[in-house]
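What follows is a short report on a single structure.
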Amino acid sequence: MTNLLRRSELALPACNDHMFDKGVTCGADLVFLDLEDATPVGLKVESRAKAIHALTQLDWGRTARAVRINGLDTEWCHDDIIEILTHAGDHLDTIVIPKAKTARDVWWVDVLLTQLEAKLGLDKTIRLEVLIEEVEGLANAEDIVRASPRLDAVIFGVGDFSLSQGARVDTNFDPLGEYPGDFWVYARNKIMVAARIAGIDAIDSPYPDYRNLEGYERDARRSSLMGYTGKWAIHPDQVPIANEVYAPTTDEIARAERNVAAYREAEAKGRGAVGVEGVLVDAAHVKMAEETLARAALISGGR
């Protein structure tokens, strides 16, 4: 995992500037202005200017500022990157790459960013997040997540992945028939494992049924148990749920503090393990506890 907060990543269509004020002030850890799927073909070019205005003129507070560019196989991608960086590079934190199929896709964006940062004299390094939403991308996930030192998160894009796989699902990407367990467990777990290999964050897929907040929370809790550190949101009402779900609970923090304290006391006496309330605690448990406490401190410091 990284030391960045990405519990909630809110998508805003770059063409719908009337949504920007509420979106960037709703408490999401990251908001990305979407030039890709959420922006119609006829508005692709003019929406860049709206994204640039939002990045440079709105008060984003602590929210990370991001843009999802169009796919590398489209006519808009190249100019998306050049125009956004040229006019708003100092106000941009992250570029989100859609539909990555191979490591070379990430490498291409990295090279272009490196050239532009040098040309424009930018003082910051633009970060990258990448969407795995093609079956080829899933097959190459381990290579994709290690393709650039800029990359700090990988996102499971279940919508286009459903299409790529040929899955029979509804508009919420749930199976149309009875299926035992989590329909997307293989894809979720493979992406999660790839993220851990690279030491980056894993962000779970969107949940289109935005009025069903209980369903969104259930989906988020399931992926959080697997190790995901955040979830895509398509509506501001989903943001506080993600922020809560992907944060350690009071009980988890208390248990972590208790386990670390007991282990350190035992360690000082020359023991490598200790019983805490009838449960063995050894070095592995302490590492887990320290991760929990570091996560809690990160969230506390970001408020």
- Report yes or no: does Lys50 contribute a side-chain atom to a donor-acceptor pair with the main-chain N or O of Cys15 at less than 3.5 Å? yes
- Sub-4.5 Å side-chain heavy-atom contact between Arg68 and Ile97: no
- Task: Considering non-hydrogen atoms only, spot the tightest contact between Glu257 and Leu293 and give its length.
- Result: CG-CD2, 3.6 Å
- Message: Membership question, hydrophobic clusters at under 4.5 Å side-chain separation (ILVMFWY): are Met19 and Tyr210 in the same one?
- Response: no
- Task: For the residue pair Thr102 and Asn140, confirm or rule out a side-chain donor-acceptor distance under 3.5 Å.
- Result: no
- Exercise: identify the closest heavy-atom pair between Leu55 and His91: O-CB, 3.4 Å
- Salt-bridge present (Glu244, Arg7; N to O < 4.0 Å): no
- How about Trp232 and Tyr216: are their ring centres within less than 6.0 Å of each other? no
- Please name the pair of heavy atoms, one in Ala100 and one in Ile144, separated by the smallest distance, quoted to 0.1 Å. O-CD1, 3.8 Å
- Please lay out, stage by stage, how Asp204 and Arg221 fare under the test salt bridge (charged side-chain N to carboxylate O under 4.0 Å, His left out). CA-CA 10 Å; Asp204 193 26; Arg221 290 198 181 281; over 6 Å; no
- Query: Going only through I, L, V, M, F, W and Y residues with side-chain contacts under 4.5 Å, is there a path from Ile84 to Val45?
  - Reply: no
- Item | Minimum side-chain heavy-atom gap Phe173-Pro208 below 4.5 Å | yes
- Determine, stepwise, if the pair Ile241 / Val245 fulfils side-chain contact (heavy atoms from CB on, under 4.5 Å). CA-CA 6 Å; Ile241 296 172; Val245 168; 4.1 Å; yes
- Task: With salt bridge (charged side-chain N to carboxylate O under 4.0 Å, His left out) as the test, would you mind laying out the steps for Arg218 and Glu214 before giving the verdict?
- Result: CA-CA 6 Å; Arg218 181 176 60 250; Glu214 289 183 1; 5.8 Å; no
- Query: Can you check whether Val24 reaches Leu58 side chain to side chain, under 4.5 Å on heavy atoms?
  - Reply: yes
- Message: Within this structure, what is the CG-CD1 distance for the pair Leu120 and Ile82, rounded to the nearest 0.5 Å?
- Response: 9.5 Å
- Query: Do Pro98 and Asn70 have side-chain heavy atoms sitting under 4.5 Å apart?
  - Reply: no
- side-chain contact (heavy atoms from CB on, under 4.5 Å) between Asp80 and Thr74: does it pass, once the steps are laid out? CA-CA 11 Å; Asp80 285 347; Thr74 71; 5.8 Å; no
- Within a strict 4.5 Å, meaning less than it, do heavy atoms of the Ile155 and Ser205 side chains meet? no
- By ring pair (Phe, Tyr, Trp, His ring centres under 6.0 Å), Tyr207 pairs with (sequence neighbours left out) none
- Selection residues 147-169 - residue pairs positive for salt bridge (Lys or Arg N to Asp or Glu O under 4.0 Å), sequence neighbours left out: Lys99-Asp160, Asp110-Arg150, Glu117-Arg150, Arg127-Asp152
- Message: So for atom CZ, which belongs to Arg104, do other residues, nucleotides or ligands contribute more than 12 heavy atoms lying within a distance under 6.0 Å?
- Response: no
- Message: Looking at every heavy atom in both Ser47 and Thr39, which two are closest together, and how far apart are they?
- Response: OG-CG2, 3.5 Å
- Item | Asp170 and Asn172: side chain donor to acceptor below 3.5 Å | no
- Between the main-chain N or O of Leu12 and the side-chain N or O of Asp34, is there a donor-acceptor pair closer than 3.5 Å? no
- State plainly whether the residues Glu290 and Arg264 are in salt-bridge range, i.e. N to O under 4.0 Å. yes
- Note on the structure: d(Gln238 CD, Asn212 CG) to nearest 0.5 Å is 9.5 Å
- Message: Would you say that more than 12 heavy atoms from the other residues, nucleotides or ligands in this model lie under 6.0 Å from the CD of Gln57, or not?
- Response: yes
- Answer whether the closest heavy-atom distance between the side chains of Leu30 and Ser8 falls below 4.5 Å. no
- Query: Considering all heavy atoms of both residues, which atom of Gly199 and which atom of Thr2 are nearest to each other, and what is their separation?
  - Reply: O-CG2, 3.9 Å
- Message: I need the Asp201 CG to Tyr228 OH distance, nearest 0.5 Å.
- Response: 11.5 Å
- Message: Between Ser300 and Ala296 (side chain of the first, backbone of the second, donor and acceptor by atom type, cut-off under 3.5 Å), is there such a pair?
- Response: no
- Query: Hey, any chance Val130 and Ile191 share a hydrophobic cluster, counting ILVMFWY side chains that come within less than 4.5 Å of each other, even indirectly?
  - Reply: yes
- Message: Within the 4.5 Å heavy-atom criterion, are Ser164 and Glu133 side-chain neighbours or not?
- Response: no
- Rounding to 0.5 Å, atoms CD1 (Ile126) and OG1 (Thr94) come to a distance of 8.0 Å
- For the residue pair Trp184 and Phe161, categorise the inter-ring angle as parallel (less than 30°), tilted (30 to 60°) or perpendicular (more than 60°). perpendicular
- Query: Could you give the distance from CD1 (Ile95) to CG (Leu151), rounded to the nearest 0.5 Å?
  - Reply: 12.5 Å
- Following the transitive rule for hydrophobic clusters with a side-chain heavy-atom cut-off under 4.5 Å over Ile, Leu, Val, Met, Phe, Trp and Tyr, establish whether Phe156 and Val106 coincide in one cluster. yes
- Item | Nearest-0.5 Å distance that lies between atom CG in Leu10 and atom CD1 in Ile234 | 9.5 Å
- Query: Would Asp29 and Glu9 count as a side-chain contact (heavy atoms from CB on, under 4.5 Å) if you check the C-alpha gap in whole Å, the side-chain angles of each, and the deciding distance to 0.1 Å?
  - Reply: CA-CA 6 Å; Asp29 288 334; Glu9 297 206 353; over 6 Å; no
- Task: Determine, for Asp282 against Lys287, whether the closest basic-nitrogen to carboxylate-oxygen distance falls under 4.0 angstrom.
- Result: no
- In terms of heavy-atom contacts, Cys77 and Ile69 come closest through SG-CD1, 3.8 Å
- Within a reach of under 6.0 Å around CE of Met288, are more than 12 heavy atoms found that belong to other residues, nucleotides or ligands? no
- Item | Hydrophobic cluster membership, Leu112 vs Leu131, 4.5 Å side-chain cutoff | no
- Is the closest basic N to carboxylate O distance between Arg6 and Glu129 below 4.0 Å? yes
- Query: Which side-chain hydrogen bond (donor to acceptor under 3.5 Å, both in side chains) pairs, counting each pair once, include a residue from residues 14-28, with sequence neighbours left out?
  - Reply: none
- Message: Checking Leu128 against Leu113 for the side-chain contact (heavy atoms from CB on, under 4.5 Å) test, could you report, in this order, the C-alpha distance in whole Å, the side-chain angles of both residues, the deciding distance, and whether it holds?
- Response: CA-CA 10 Å; Leu128 292 175; Leu113 287 176; 3.7 Å; yes
- Go through the steps for Glu36 and Lys44 under the test salt bridge (charged side-chain N to carboxylate O under 4.0 Å, His left out), then give the verdict. CA-CA 8 Å; Glu36 197 216 11; Lys44 295 284 190 187; over 6 Å; no
- In plain terms, say whether Asp90 and Lys124 are close enough for a salt bridge, that is, a side-chain N and a carboxylate O under 4.0 Å apart. no
- Task: State, without any angle test, whether Ser223 and Tyr246 hold a side-chain donor-acceptor pair at a distance under 3.5 Å.
- Result: yes
- Task: Report yes if some heavy atom in the side chain of Val154 is under 4.5 Å from a heavy atom in the side chain of Met192; otherwise report no.
- Result: no
- Item | Sidechain N-carboxylate O distance under 4.0 Å for Lys190, Glu142 | yes
- Query: Should the heavy atoms of other residues, nucleotides or ligands under 6.0 Å from CZ of Phe183 be counted, would the total exceed 12?
  - Reply: yes
- Message: Looking at Val31, is its backbone amide N or carbonyl O close enough to the side chain of Trp60 to form a donor-acceptor pair, meaning the two atoms are under 3.5 Å apart?
- Response: no
